[in-house]
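What follows is a single structure, written as structure tokens, with notes after it.
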2 protein chains.
Amino acid sequence: MAHAYEFARPALTVDIVVFALDEEDLQVMLIERDLKPFEGQWALPGGFVRVDETLEEAARRELEEETGLKDIYLEQLYTFGDIKRDPRERVVTVTYYALVNLEGHDVQASTDARNAAWFSMNDLPKLAFDHKTILRAAHERLRGKVRYQPIGFELLPEKFTLRQMQHLYEVILDRELDKRNFRKKVLGMEIVKETKEIEKDVAHRAARLYRFDKRRYDKLTKQGFNFEI
Amino acid sequence: MAHAYEFARPALTVDIVVFALDEEDLQVMLIERDLKPFEGQWALPGGFVRVDETLEEAARRELEEETGLKDIYLEQLYTFGDIKRDPRERVVTVTYYALVNLEGHDVQASTDARNAAWFSMNDLPKLAFDHKTILRAAHERLRGKVRYQPIGFELLPEKFTLRQMQHLYEVILDRELDKRNFRKKVLGMEIVKETKEIEKDVAHRAARLYRFDKRRYDKLTKQGFNFEI
DNA sequence: CATAATAGTGTCGATAGGACACTAAGTGAC
DNA sequence: GTCACTTAGTGTCCTATCGACACTATTATG
């Protein structure tokens, strides 16, 4: 590592892929750009990293500024550094992905964005910059990680039915799962705890609600248990 | 993402964790710093990213400049951006890890480094900056990845014995494996090809040499096969 | 030719995973 | 209040995989 740094510096940004789940699909949060370049196009929320904040702080700040979302699960994804990925100048972006549950968080557009909205992963608009590539990488990472780490619960409400949980995995992994085998496996792992409540306002038999038992998960993990769906 | 960027910019570097394997341990390449800060201490090879090169290009350039290593397996690891990780100024570093086989590559120190040398992962010197943290992250990533992707072969010579291959996994995973089960599994996957050669210059029965059959691996992968050790 | 070192090989039992179909319970319409 | 509809909830069996486990074969060396 050289002592002096006389050369021009690449600019540094963060961009965030926020995933959520509705009844149908995996959704992603996009903002409509208010400024050039790509003015009026949809893009991932993000912005420049300040010199006095960490990368994760920058990601959380930009996310709140542009979408109102805060206090959510956030994890670093990858750093993209192609030379021409931004037409203005050299910009390197550190990307994060976030998981939120739609019931717990309201969304509103603000600074730098005309508008912020959820889009289905199956029906995406044209995206600014190389954000399509970033989104694809985030989706792959989520698909890979969700099977070995209990991060899927971040996409569910605090109390959820096993049907909702199965649906989550079906959507992310993009294949159907067998109900009996799924339940056998999940209940067998003993990391979800039955509550005394059941679903409300459904036009059929109501299902039992469960919650993720993080305490128990941590304890089992220390004993060598490995989560896997 | 803002249009203008009037604020001070963090500096951007790359750092590389180069792994290799000897008869005993997993080894890592370190350089002795020739400049302040941490002058005379051991550190990961790395340096500033230029505005006209991608991140991976920067990593390969620095690696060759500082250690003479080139044309090796390289993969992005993580981006570290703590505010005080460099005492001089704000520096964000994009880290990579590399895998090399000791027989195929010579090492020599050069620019910015007094010296470059291999160290056993079990006997590391004090490291500059937050390089200990980076190294730990690289080791974990390698441990996680080696079981599901055939990257371990990058650490072996082109032709290797099954004993060497088993040893590789034992060292990285840090546990003993059963010889018969290991062979059954590896040979059953049909991704290593027997050569007509055997070991030379050993004071006992010589073992058959195998090579990784990448063609076959790619073909099987397309058919849904999943590598796993 | 005896010794020492490592190569190379197969079985069996336990376990986990996948395929598979019916009954139970609650809602809403009549 | 009963019938139709919808989703909840449950168990078995088969197969494949994984892990535990010990001996013979081959070559080099003294």
Side-chain angles (χ1 to χ4, degrees), chain A residues 21-24 146-148 150 156-157 159-171 173-211 220-221 223-229, chain B residues 21-24 146-148 156-157 159-171 173-211 220 223-229:
Chain A
L21 196 69
D22 74 359
E23 318 292 299
E24 284 302 311
V146 82
R147 298 192 49 206
Y148 305 105
L156 294 174
K159 296 169 191 168
F160 51 86
T161 67
L162 294 184
R163 167 128 193 97
Q164 282 176 298
M165 184 174 168
Q166 180 178 342
H167 175 66
L168 182 162
Y169 283 92
E170 289 181 332
V171 166
L173 301 178
D174 197 29
R175 64 188 157 99
E176 298 204 338
L177 301 173
D178 179 85
K179 182 162 73 158
R180 280 165 297 186
N181 292 339
F182 183 83
R183 284 163 169 262
K184 205 194 322 180
K185 188 173 238 172
V186 170
L187 295 175
M189 285 192 294
E190 296 184 313
I191 58 164
V192 295
K193 201 157 79 183
E194 197 175 301
T195 71
K196 294 202 164 77
E197 298 169 61
I198 56 170
E199 275 182 300
K200 287 208 163 89
D201 303 318
V202 287
H204 51 78
R205 176 173 177 184
R208 169 124 341 229
L209 294 173
Y210 292 80
R211 70 170 79 228
L220 289 172
T221 299
Q223 296 167 13
F225 159 81
N226 280 315
F227 178 86
E228 185 180 344
I229 294 283
Chain B
L21 197 70
D22 74 359
E23 317 293 300
E24 284 300 312
V146 82
R147 298 192 50 205
Y148 305 104
L156 293 174
K159 296 168 191 169
F160 52 85
T161 67
L162 294 184
R163 166 127 193 96
Q164 283 175 298
M165 183 173 167
Q166 181 179 341
H167 175 67
L168 182 162
Y169 283 93
E170 289 180 332
V171 166
L173 301 178
D174 196 29
R175 64 188 159 98
E176 299 203 340
L177 302 173
D178 179 85
K179 182 162 70 156
R180 281 165 295 184
N181 292 339
F182 183 82
R183 287 165 165 261
K184 205 193 324 177
K185 189 173 238 171
V186 170
L187 295 175
M189 286 192 294
E190 295 183 317
I191 58 164
V192 296
K193 200 157 80 184
E194 197 174 302
T195 71
K196 296 202 161 78
E197 298 169 63
I198 56 170
E199 276 183 300
K200 287 209 162 88
D201 304 319
V202 288
H204 51 78
R205 176 174 177 183
R208 171 127 339 237
L209 294 173
Y210 292 80
R211 71 169 78 227
L220 289 172
Q223 296 166 14
F225 160 81
N226 279 315
F227 178 86
E228 185 180 343
I229 294 284

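Because only heavy atoms are used, hydrogens play no part in the values below, and waters and symmetry mates are left out as well, while side chains stay in. Numbered from 1 within each chain, the chains take letters A, B, ... in sequence-line order.
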- On DNA chain C, nearest-nucleotide positions of B:Asp178 versus B:Thr161: which is more 5'? B:Thr161

Whole-Å distance between [N] [atom2] and [X] [atom1]?
X        : N      : atom1 : atom2 : value
B:Asn226 : D:dA16 : CG    : P     : 18 Å
A:Lys185 : C:dA16 : NZ    : P     : 11 Å
A:Asp201 : D:dT6  : CG    : P     : 19 Å
B:Leu162 : C:dG8  : CG    : P     : 7 Å
B:Lys200 : D:dA28 : NZ    : P     : 12 Å
B:Glu199 : D:dA28 : CD    : P     : 11 Å
A:Asn181 : D:dG9  : CG    : C1'   : 14 Å
A:Arg163 : D:dT10 : CZ    : C1'   : 16 Å

- Item | Of all pairs that satisfy salt bridge (charged side-chain N to carboxylate O under 4.0 Å, His left out), the ones with a partner from residues 177-186 of chain B, not counting sequence neighbours |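 Residue pairs with at least one partner in residues 177-186 of chain B: there are none.
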
- Message: Under 4.0 Å, counting only non-hydrogen atoms across every strand here, what does A:Arg183 touch: a base, just sugar-phosphate, or nothing?
- Response: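 The residue A:Arg183 makes base contact.
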
- Is there a donor N/O on one and an acceptor N/O on the other, under 3.5 Å, for the side chain of A:Lys184 and the base of D:dG9?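 Answer is no: no donor-acceptor pair is held.
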
From [X] [atom1] over to [Y] [atom2], what is the distance, rounded to the nearest 0.5 angstrom?
X        : Y        : atom1 : atom2 : answer
A:Leu168 : A:Phe160 : CG    : CZ    : 9.0 Å
A:Phe227 : A:Thr221 : CZ    : OG1   : 10.0 Å
A:Lys193 : A:Tyr210 : NZ    : OH    : 13.5 Å
A:Ile198 : A:Thr161 : CD1   : OG1   : 12.0 Å

- Task: Mind grabbing the angle between the end helix axes of the helix from C:dC1-D:dG30 to C:dC12-D:dG19? Five pairs an end, 10° rounding.
- Result: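 If I round to tens, the end axes sit 10° apart.
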
- Query: Is the CD atom of A:Glu228 crowded by more than 12 outside heavy atoms at less than 6.0 Å?
  - Reply: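 Buried by this count: over 12 neighbours within 6.0 Å.
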
- Query: Within a reach of under 6.0 Å around CZ of B:Arg208, are more than 12 heavy atoms found that belong to other residues, nucleotides or ligands?
  - Reply: yes

- Message: Is any side-chain heavy atom of B:Arg147 closer than 4.5 Å to one of B:Leu173?
- Response: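 A side-chain contact exists here, since the closest heavy-atom pair is under 4.5 Å.
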
- Quick tally for nucleotides 22-27 of chain D: nucleotides whose base has a protein heavy atom under 4.0 Å get B, sugar-phosphate-only ones S, the rest -, giving B--BBB

- Message: If the threshold is 4.0 Å, N to carboxylate O, is there a salt bridge linking B:Arg175 and B:Glu170?
- Response: no

